[in-house]
Amino acid sequence: MNIGNRKSSITKSLLHWYKQKARPLPWRKTRNPYRILVSEVMLQQTQVSRVLQKYPEFLRLFPNFSSLAHARTADVIRAWSGMGYNNRAVRLQQVAKEIMNDNNGRLPSDIHILQKLPGIGRYTAHAVACFSFEQQTAVVDTNVRRILARLFPNRARSMDEWELAESVLPKRKAYEWNQALMELGSTFCTAAHPRCVDCPLKQYCPSAFQIRKPKKSYKRKNHRAMIPNRIYRGRIVALLRTMSRRQSIESNRLLHMIRPEARGQNQKWFSLVLTGLQRDGLIQIHSQKAKNFISLPK
DNA sequence: GATACGTGGGT
DNA sequence: TACCCAAGTAT
């Protein structure tokens, strides 16, 4: 089978499979730029199952760019509860504010302009262009990267991954193709345990049934490994979420709440953590009588 | 290019 | 229990 035939067979098989088996995900039923953007930001490093739980309520609370732009940041951060990477909530609201101010509340459709917006990188810019504005452009996420590496191992090694993704994009079918690749990657062609038996592309895939299950490493890691700051950042934001709008908490008390074993030498560490959260727009620090009071941003 | 950045479920 | 992982982005 020559290259062209193989490619068209792959295209046909995957699109046919997707048409029949695609999950009915809510962001596939809309082309609304706001709704697509919210879904794509939520899906950054986050499983579909988790986004499905949070997406509808977020849209109910903030149905469009205007409502998100004018909302209290504290409420946006609260609505992000359970999603992780809380920076995304702040940046998403920043996008809303920027386009309300600078672009008449319209999300740009140009990929390079999209990519200048906070929290929108190369993947998300292309995803919005394709899934909302139906542009014929490729997306490369962890699923697409993995599938192309398995399906086209030689080209994947020698070619830039974005060029490769563009080169296999079927004419006028970018939306379905991109969705299908990600659907396959997150359901069958998974990283650790690909289910090649059921894969619609198994007869075209040189990696089919070749994926070695990675040996579990038994190396003991340091039992008392250092806990990364993001764990404490998460605890802080989680605690602040539970407080009412006008409430705040004194920083020493907050430290005790999120790190009870903390000693005096943790003071400097803690102030750095708080400064970081403040810089990220995730908390507000109000100083009064030589004490610092912490809350979510107003 | 390495590192930081959450969260909850799976094994 | 301890570790891995998941539709990335910013520095």
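Just so you know, these numbers use all the heavy atoms, side chains as well, and skip hydrogens, waters and symmetry mates. Convention: sequence-line order gives letters A, B, ...; per-chain numbering from 1.
Side-chain polar atoms of Arg146(A) and Asn143(A) form a donor-acceptor pair below 3.5 angstrom. Side-chain atoms of Arg88(A) and Thr46(A) include a donor-acceptor pair closer than 3.5 Å. Side-chain contact annotation: Arg241(A) with Asn86(A), donor-acceptor N/O pair under 3.5 Å present.
Rounded to a whole Å, the CG atom of Leu239(A) is 16 Å from the C1' atom of dG6(B). Taking atom CZ of Arg230(A) as the reference point, atom P of dG8(B) lies 14 Å away to the nearest angstrom. If you take CG of Leu117(A) and C1' of dA10(C), they are 14 Å apart, rounded to a whole angstrom. Here the C1' atom of nucleotide dA7(C) and the OH atom of Tyr18(A) are 13 Å apart, to the nearest Å. One interatomic measurement links the two molecules: CD1 of Ile231(A) to P of dG8(B), which rounds to 11 Å at whole-angstrom precision. Distance Asn86(A) CG to dC5(B) P: 12 Å, rounded to the nearest Å. If you measure from atom CD1 of Ile147(A) to atom P of dA7(C), you get 10 Å, rounded to the nearest angstrom. Distance Gln94(A) CD to dT9(C) C1': 13 Å, rounded to the nearest Å.
The stretch residues 175-182 of chain A has no heavy atom under 4.0 angstrom from DNA chain B at all. Within residues 25-56 of chain A, the residues having any heavy atom under 4.0 Å from DNA chain B are, by residue number, Gln45(A), Thr46(A), Gln47(A), Arg50(A).
Nucleotides dC5(B) and dA7(C) are separated by 22 Å at their P atoms, to the nearest Å. Comparing dG6(B) with dT11(C), their P atoms are spaced 14 Å from each other, to the whole Å.
At a threshold of 4.0 Å, the pair Lys116(A)-Glu98(A) does not count as salt-bridged, since none of the basic side-chain nitrogens sits closer than that to a carboxylate oxygen. Using a cutoff of 4.0 Å between basic side-chain nitrogens and carboxylate oxygens, Arg60(A) and Glu57(A) are scored as salt-bridged.
As judged by a 4.0 angstrom heavy-atom cut-off over every strand, Asp280(A) is placed among residues making no nucleic acid contact. No contact: Pro228(A) has no heavy atom under 4.0 Å from any strand. Gly84(A) comes within 4.0 angstrom of a nucleotide base, judged by non-hydrogen atoms across all strands.
At the phosphate of dT7(B), OP1 or OP2 sits under 4.0 Å from a side-chain N or O atom of Arg241(A). Within the 4.0 Å cut-off from OP1 or OP2 of dT9(C), at least one side-chain nitrogen or oxygen of Thr124(A) is found. Between Arg233(A) and dG6(B), a side-chain N or O to OP1/OP2 separation shorter than 4.0 Å is present. Between Asn143(A) and dA7(C) there is a side-chain polar atom (N or O) within less than 4.0 angstrom of OP1 or OP2.
Atom CG of residue Leu201(A) and atom SG of residue Cys196(A) lie 10.5 Å apart, to the nearest 0.5 angstrom.
The two atoms that bring Arg72(A) and Lys298(A) nearest to each other are CB-C, 4.2 Å, heavy atoms only. Between Lys202(A) and Val197(A), the shortest heavy-atom distance links the atoms NZ-O, 2.8 Å.
Ring orientation note: the planes of Phe58(A) and Trp80(A) are nearly perpendicular, at an angle over 60° on the 30°/60° scale.
Residues satisfying the ring-ring contact (aromatic ring centres under 6.0 Å, His included) criterion with Phe133(A), sequence neighbours excluded, are absent altogether.
Comparing Glu183(A) and Gly119(A) by the nucleotide of DNA chain C that holds the closest heavy atom to each, the one mapping nearer the 5' end is Glu183(A).
Candidate nucleotides dT7(B), dG8(C), dA6(C) were compared by shortest atom distance to the side chain of Arg146(A), and dA6(C) ranks first.
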